[in-house]
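Here is how names work: the chains are called A, B, and so on, in the same order as the sequence lines, proteins then strands, and each is numbered from 1.
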Amino acid sequence: MQTLKIYNTLSGNKEVFEPINPDSVSMYVCGPTVYGEGHLGHARPAITFDTLFRYLKILGYKVRYVRNITDVGHLLNDADDGGDKIGEKAKALQLEPMEVAHYYTKKYHESMYKLNVENPSIEPLASGHIIEQIEMIKKIIDNGFGYEVNGSIYFDVVKYNESNEYGMLSRRKIEDMLENTRELDGQSDKKNQVDFALWKKASPEHIMRWPSPWGDGFPGWHLECSAMSCKYLGEEFDIHGGGMDLVFPHHEAEIAQCCAANNNKGAKYWMHNNMITIGGQKMGKSLGNFITLNEFFNGSHEKLDQAYHPMVIRFFLLQAHYRSTIDFSNDALQAAEKGLIRLFNAIKTLNEISPKENSNIDVSSFPNKCDDAMNDDLNTPIVLSHLFDLVKVINSCKEGKHDLSANDIDLLKNLLNKYVTEIFGLQSILKENNSTDINTLMSFVLDLRSQLKENKDWATADKIRDGLNDINIEIKDTKDGSTWDYKK
RNA sequence: GGUCGGAUGGCCGAGUGGCUAGGCAGUGGUCUGCAAAACCAUCUACACCGGUUCGAAUCCGGUUCCGACCUCCA
């Protein structure tokens, strides 16, 4: 098996990936809170870790991939005793909170399907694991790291830090955090500002609530991931992923909870994808550049020049390294779209190349070069650059400038299939002209037109060409005759 | 304010102490009745100021600007 290196936020370094069990990998990724339409910010971790999921399987691992759905309404902020995101939305729409959660879960799944994101092995709901979360709180209390105030349970970060290291993931010092915390008018029940809620007592108007040993309430913000990863992957598992914005406090708190409950920090490798920007700005509702996935797919947002196929979004994300920020703009997406079409045209071309006795160009190094890049912390942009070098090779074979043997053609077909289809999960966006009726009709039209051209009746020939162009059919005149295709 | 990260050619985006990243656009060419498409070739770079070095875009220091987190957030 090849040596895969991944960047571990915990150590701040690229590390050789060695799973706890040699043949299998356990992976947990933070999924969406389902209170609104899926947006670009959801696409990046989904695609980043989908690519990792696919790659680990290609490497021969048995992978259990858990990605949760957060359908429990956590509080909007710490000082607030009132609403949560799902509950607020439910009130606004006069729906049950679970109707809201279910509706947006379905929308999320639809977007993931369009982006060709594979289903995780398990997709647990936070609301379905209240019991596990309560049990975990009990363990934390029993171990002396939780305390109750007025029906709410808090995690005692200061006490925890005496015997453990709070801040190991985000490299924060608890002393700095205690110093820097602003006075918040002393509304909180917490002993220290750095403490966080494990269980929150539900105020009368809070609609999402469950019974517990401490009265009706709802679980804290960070608990579900600890409880569910532990349940399905064990107290110690291989990879925990999510967006960089979750490093603190969410993932830091998860580590603390797992250590406090199980004396085990949970994941061995922590991986974080970077954020996206739109036109150089952070995406946010207040900035007017908040674009949902469906708006990208149908082009309905005013900032978009056109619709972008889900595969263009996927390809565009893969053209950047997952730990870099990536900036969305119409120019960049249109460039990606053209690149993607070029790639798939070359794959099509490869199937049409007739093999020669011997190759006169060496393509044997391509598989290793791609693997090396992928093994270097999933450097998908470098893999793509190699694949585009391959596009040049394929095209020059078509032009008769190079030859490829049958063996080499197979090698390239396998390589492209492995990377483009299986690991990157890309699908062709070329329109297929596979309707028999239209093909018969078009070959008649093209035949007619070539007669016109032979008779030098350029005016009529051009009229046909222009007319077809208007209905999105493009005629391509080559020296071997004319072909046609749907325009993009 | 604290912690951390970034600044690469017209746009996006890799990488690295000396050797072409790649995509898109541009330019030149092939092909064509013309055009389009396609294909081939190719130019423009490493924020600023110092330092280390035979050599730095790459290492070090400083400056400016940008971003993330510190509060729900992918």
Does the Lys NZ or Arg CZ of Lys107(A) fall within the cation-pi geometry relative to Tyr104(A) - under 6.0 Å from the ring centre and within 45° of the axis? no

Distances for protein N or O near nucleotides 44-46 of chain B N or O, under 3.5 Å:
none

In whole angstrom, what separates [X]'s [atom1] from [N]'s [atom2]?
X         : N      : atom1 : atom2 : result
Asp245(A) : C70(B) : CG    : P     : 8 Å
His222(A) : A74(B) : NE2   : C1'   : 16 Å
Ile326(A) : G23(B) : CD1   : P     : 17 Å

Residues which pass salt bridge (Lys or Arg N to Asp or Glu O under 4.0 Å) with Lys14(A), listed by chain and number, not counting sequence neighbours: Asp376(A)

Suppose the criterion is salt bridge (Lys or Arg N to Asp or Glu O under 4.0 Å): which pairs have a residue in residues 379-388 of chain A, not counting sequence neighbours? none

Which pairs, with at least one residue in residues 311-330 of chain A and sequence neighbours excluded, count as a salt bridge (Lys or Arg N to Asp or Glu O under 4.0 Å)? Asp50(A)-Arg314(A), Arg323(A)-Asp377(A)

Rounding to the closest angstrom, what is the interatomic distance between [N] and [M] at atom [atom1]?
N      : M      : atom1 : answer
A7(B)  : C46(B) : P     : 14 Å
C54(B) : U42(B) : C1'   : 32 Å
C43(B) : U32(B) : C1'   : 27 Å
G23(B) : C39(B) : P     : 11 Å
A41(B) : A21(B) : P     : 16 Å

Using OP1 and OP2 only, check whether a side-chain N or O of Thr277(A) sits under 4.0 Å from G67(B). no

Is the phosphate of A14(B) approached by His321(A) (side-chain N or O, under 4.0 Å from OP1 or OP2)? no

Using the ring of each side chain (for Trp, its six-membered ring), is [X] parallel, tilted or perpendicular to [Y], with breaks at 30° and 60°?
X         : Y         : value
Phe328(A) : Phe316(A) : perpendicular
Phe155(A) : Phe196(A) : parallel
Tyr160(A) : Tyr166(A) : perpendicular

Between the OG atom in Ser226(A) and the CD atom in Glu254(A), the distance rounded to the nearest 0.5 Å is 4.5 Å

One thing to verify: whether Lys418(A) and Asp371(A) come together as a salt bridge, which I'm taking to mean a side-chain N less than 4.0 angstrom from a carboxylate O. yes

Could you please name the option among [options] that lies closest to any side-chain atom of [X]?
X         : options                : value
Asp462(A) : G13(B), C12(B), C34(B) : C34(B)
Ile382(A) : A25(B), A21(B), C72(B) : A21(B)
Phe248(A) : C70(B), C12(B), A74(B) : C70(B)

I want to confirm an ordering. Mapping Ser324(A) and Arg465(A) to their closest nucleotides on RNA chain B, which one lands closer to the 5' end? Ser324(A)

State which residues pass ring-ring contact (aromatic ring centres under 6.0 Å, His included) with [X]; sequence neighbours excluded, sorted by chain then number.
X         : value
His42(A)  : His39(A)
Tyr308(A) : none
His129(A) : Tyr232(A)
Tyr269(A) : Phe17(A)

Below 3.5 Å between N/O atoms, which protein atoms pair up with nucleotides 3-9 of chain B? Just atom names and distances, please.
none

Which atoms of nucleotides 36-40 of chain B (N or O only) lie under 3.5 Å from a protein N or O atom, and what are those distances?
from	atom 1	to	atom 2	distance (Å)
A36(B)	N1	Asp477(A)	O	3.4
C40(B)	OP2	Arg342(A)	NH2	3.2

Pair pattern of RNA chain B in dot-bracket, where unpaired bases get dots and | marks partners in another strand, Watson-Crick or G-U under 3.5 angstrom: (((((((..(((.....[...))).(((((.......)))))....(((((..]....))))))))))))....

Less than 3.5 Å apart, which donor and acceptor atoms pair up between the side chains of residues 167-174 of chain A and the rest of the protein, not counting sequence neighbours?
from	atom 1	to	atom 2	distance (Å)
Ser170(A)	OG	Arg172(A)	NE	3.4
Ser170(A)	OG	Glu252(A)	OE1	2.6
Arg171(A)	NH1	Thr9(A)	O	3.2
Arg171(A)	NH1	Leu169(A)	O	3.3
Arg171(A)	NH2	Thr9(A)	O	3.1
Arg171(A)	NH2	Ser11(A)	O	3.4

